[in-house]
Structures are given as structure tokens and as C-alpha cells.
Amino acid sequence: MRATDDRGAEGRGELNRPRQPNAPLLRVRGLRTVFPTRRGPVVAADGVDLEIAAGEALGVVGESGSGKSVTFLSVLGLLRPPGRIEGGEILFDGRDLRRLPMRELRALRGRQMALAMQDALSALNPAFTIGQQLIETLEAHGLAKDARVQAAALLTRVGIPSAAERLDDYPHQFSGGMRQRAMIAISLAARPRLLVADEPTTALDVTLRAQVLDLLDELREQDGLALALITHDLAVVAERCPRVMVMYAGQVVESGPTAEVVVRPRHPYTRGLLESLPRLEDPDRPLHPIPGQVPDLARLDAGCRFRNRCSMAVAACAGPTPLVDLGDGRASRCLRAVEVTP
């Protein structure tokens with residue numbers, strides 16, 4: 001997987017070199033998020049564990065419906081009824097977010113933790129200008145001095161040309177890519193310590209995607225921004241995130257240093273994701289999509305949730321499949337983890 005920008009290999013290696021262990025800024029243990037339905041409860045996040053340190057980027061990958069976004073909406077306290085958190089611990093800088101009064105949690109969001117939403121068209125208010133929405137964020141967190149100048153600087157930083165003039169435009173006057181960049185600018189307005197970026201480059205072309213990802217790298221290196229990058233694009237994760245967490249059907253199925261996971265996956269689902277990607281160095285290589293569908297989350301049993309799509313499944317896979325520590329920062333939810341080969 002190659003870079004999408006022109007930085008040298010030495011610079012990219014510096015960004016992707018694992019950092020020295022720090023106390024995690026965000027630590028989640030045993031997160032369980034449930035949505036009641038007529039067919040029974042749907043456990044969208046089932047026993048999720050994760051950690052992100054200051055200045056670190058964690059890539060979170062998986063198919064649609066795997067629980068990636070729900071996990072971080074739960075972390076940020078943005079889950080809405082009927083969804084509810086039924087268990088687990090969410091610590092941000094040592095503070096238990098589940099025990100915080102709503103007023104304190106609202107004060108943390110935006111200022112300390114921020115979300116760059118995937119669908120900018122829905123996230124932006126069509127009745128207010130881009131500038132008004134940027135300035136509102138600055139004012140809400142006591143950063144209103146020279147707010148219009150700050151707002152223009154933010155748009156410039158995410159690559160919006162003639163930013164000062166575009167502040168008075170409404171969202172419908174921006175292209176899809178410009179709306180996405182404006183959404184990222186709003187999420188970065190208060191200089192948060194943790195940014196959850198949910199498919200932040202979906203609507204961007206290759207050049208602008210590299211520009212936005214370079215900005216996030218810069219903020220990690222200079223300001224110690226902790227980044228959770230939710231994406232379907234394993235190539236972006238391989239290029240930008242030192243660690244990766246792979247989710248499937250509400251569970252973490254594999255995690256570890258990205259450089260090792262993409263070369264030596266230890267779960268058949270991760271291997272399937274990698275085999276379904278085209279490779280620049282071998283454009284004629286046939287792709288191998290993962291067969292079948294994600295299981296119905298309202299009709300699950302105790303067994304491996306991937307076994308109905310897995311070529312390595314055996315009878316024992318119908319039993320419990322815990323996430324097992326493999327050492328060296330690797331973990332896998334597969335009984336045959338050591339047998340998985342690329």
C-alpha cells in the first residue's frame with residue numbers, strides 16, 4: 001500500500017513509528033452498548049476494550065455495521081435512546097465519563113473531545129452559514145476573541161480557498177469535499193485533545209485527502225492530539241496509524257501494531273479484508289471478497305460470529321471465542337490465530 005502524498009519514506013516512518021508507552025488519554029474496558037428492538041436486543045458494541053495515548057493514532061476498521069461508530073458515540077456520550085450503555089468503563093484522562101453529570105460531559109465535548117462526523121451534509125445546519133457554525137463552536141468554549149479571524153484561519157488550514165469570503169456561505173454553497181473539510185475545521189476549532197474522525201476523507205479526492213491527513217498528523221506531532229480514525233480504508237490505516245483495531249459484528253476481533261497486522265494477520269476476517277484490496281504493485285492480482293453477510297446481531301449465539309463466512313471454521317468455533325493476548329501487543333479472537341497466513 002503506497003502513500004497518497006509526496007512525503008519521503010523517512011518522514012512517513014517517523015509518523016508510523018510506535019511511540020513510547022504513555023498513560024492512555026482514553027481507556028475503555030468492557031463497553032457494552034445495546035439497542036432494544038422488536039426481535040430482541042441488538043448488542044452493537046460487545047465487550048470493547050481500547051486505549052489511545054496522547055499523540056497516538058488508532059485506526060478502527062471493519063465493514064458497515066461492525067460497531068465502529070457506535071463504540072465512539074458511546075465514548076463521547078452522544079448515544080441517543082433507545083440505545084444505552086449496559087456495562088463497561090470509559091475513562092478520559094482518568095475521569096469516568098459514565099459518572100459525569102451531563103453538564104460536565106457537555107463541557108468536555110468539543111473542548112477536550114471532538115467528533116468529525118462522516119455525513120457533513122446532515123451534520124451541518126443548512127439554516128446557518130459556515131462561519132456562524134464555526135464561531136458558535138468557538139464561543140461555546142470561551143474562545144470568541146477574534147472569532148471570525150480564527151474561523152477563517154481554520155478553513156484555510158483545512159484547504160478552503162478564499163476562506164474569509166467563504167465564511168458567509170451556507171452549506172449548500174459548498175461542494176461535498178468542502179463541506180467535509182468544514183466539518184473537520186469545526187471539530188478542530190477548540191483544539192481538542194481527542195478527535196474521533198469518522199470516515200473524514202470519504203468525499204475528498206486524493207490530493208485533498210492527503211492534505212487533511214497531513215493536518216491530522218501535524219496536530220498529533222505538534223499538539224499531542226489523540227486520534228481515533230474510523231475508516232473502511234485499510235490503506236489509509238496502514239499509512240497513518242501505528243495501531244489498528246479490527247471490529248466485526250460488535251466485537252474487536254484483532255488488534256495490534258498496524259505494520260504487523262497487515263503483513264501477518266491473526267484473524268481470518270482481517271485476512272479477508274486485506275485480500276479484498278487492490279494492490280498497486282500487482283494490479284492484475286485477482287481480488288477475493290469475503291463471502292456471505294454479517295450475521296443478524298439480534299440472533300447471535302456464544303460462538304465465533306465470523307464462522308459462517310470463514311474457510312478455517314471448525315466445530316470448536318461454535319463455542320466461546322474470547323479475545324486472546326498473543327503477546328507483543330497483538331490480540332485475536334480466533335481459536336486458530338497462529339494458523340492464519342496472509
Can you confirm whether more than 12 heavy atoms, excluding those of E275, are under 6.0 Å from its CD atom?
yes

Any L155 side-chain heavy atom under 4.5 Å of I130 side chain
yes

Can you check whether V34's main-chain N or O pairs, donor with acceptor, with R84's side chain at less than 3.5 Å?
no

Note, L215 side chain near L219 side chain (heavy atom, < 4.5 Å)
yes

Please check if atom CZ in R106 has more than 12 non-hydrogen atoms from other residues, nucleotides or ligands closer than 6.0 Å.
no

Determine whether more than 12 heavy atoms belonging to other residues, nucleotides or ligands lie under 6.0 Å from atom CD of Q293.
no

Do R336 side-chain atoms and M312 backbone N/O form a donor-acceptor pair below 3.5 Å?
yes

Between D93 and R193, is a side-chain contact (heavy atoms from CB on, under 4.5 Å) present by the stated rule, with each step listed?
CA-CA 10 Å; D93 200 18; R193 299 171 67 193; 3.0 Å; yes

Give a yes or no on whether the backbone of F128 and the side-chain of Q133 come within a donor-acceptor separation of less than 3.5 Å.
yes

Do you know the tightest heavy-atom contact between H172 and R179?
CA-NH1, 4.2 Å

Quick check: does any side chain N or O of R166 sit under 3.5 Å from a backbone N or O of Q173, one acting as donor and the other as acceptor?
yes

Greater than 12 external heavy atoms within 6.0 Å of D328's CG
no

If the threshold is 4.0 Å, N to carboxylate O, is there a salt bridge linking D49 and R27?
no

Residue pair R305, Y269: steps toward the side chain to side chain donor-acceptor pair (under 3.5 Å) verdict
CA-CA 10 Å; R305 298 178 182 182; Y269 179 61; over 6 Å; no

Stepwise side-chain contact (heavy atoms from CB on, under 4.5 Å) check, R307 with D301:
CA-CA 11 Å; R307 69 183 190 275; D301 57 27; 2.7 Å; yes

Can you sort out the partners of E165 under salt bridge (charged side-chain N to carboxylate O under 4.0 Å, His left out), two or more places apart, ordered by chain and number?
none

Between D168 and T129, a side-chain donor and acceptor under 3.5 Å
no

Using side-chain contact (heavy atoms from CB on, under 4.5 Å), reason through I160 and V158 one step at a time and then give a plain yes or no.
CA-CA 6 Å; I160 302 293; V158 296; 4.1 Å; yes

Using only atom types and a distance under 3.5 Å, with no angle test, would you say the side chain of E199 pairs donor to acceptor with the backbone of H232?
yes

Side-chain donor/acceptor of K68 to backbone N/O of G62, under 3.5 Å:
yes

Is the side chain of Q180 donor-acceptor paired with the backbone N or O of G177 at a distance under 3.5 Å, no angle test?
no

Has the side chain of T33 got a donor or acceptor atom that lies under 3.5 Å from a matching backbone atom of A44?
no

Can you name the nearest heavy-atom pair linking P192 to L225, along with the distance?
O-CD1, 3.2 Å

Please name the pair of heavy atoms, one in S187 and one in L195, separated by the smallest distance, quoted to 0.1 Å.
OG-CD1, 3.7 Å

Please determine whether a side-chain nitrogen of the Lys or Arg among R240 and E218 lies less than 4.0 Å from a carboxylate oxygen of the Asp or Glu.
no

Identify the residue among R330, R266, R271 that makes a side-chain hydrogen bond (donor to acceptor under 3.5 Å, both in side chains) with E254.
R330

For R191, look at atom CZ and say whether over 12 heavy atoms of other residues, nucleotides or ligands are found less than 6.0 Å away.
no

Could you tell me whether the side chain of Q150 and the main chain of K145 form a donor-acceptor pair under 3.5 Å?
yes

Within the side chain of R243, is there an N or O that forms a donor-acceptor pair under 3.5 Å with the backbone of G256?
no

For L143, the hydrophobic cluster (side chain heavy atoms closer than 4.5 Å, chained through members) also holds L138

Which pair of heavy atoms, one from P171 and one from N125, lies closest together, and at what distance?
CG-O, 3.6 Å

Mind checking whether Y170 and P126 have side chains closer than 4.5 Å, heavy atoms only?
no

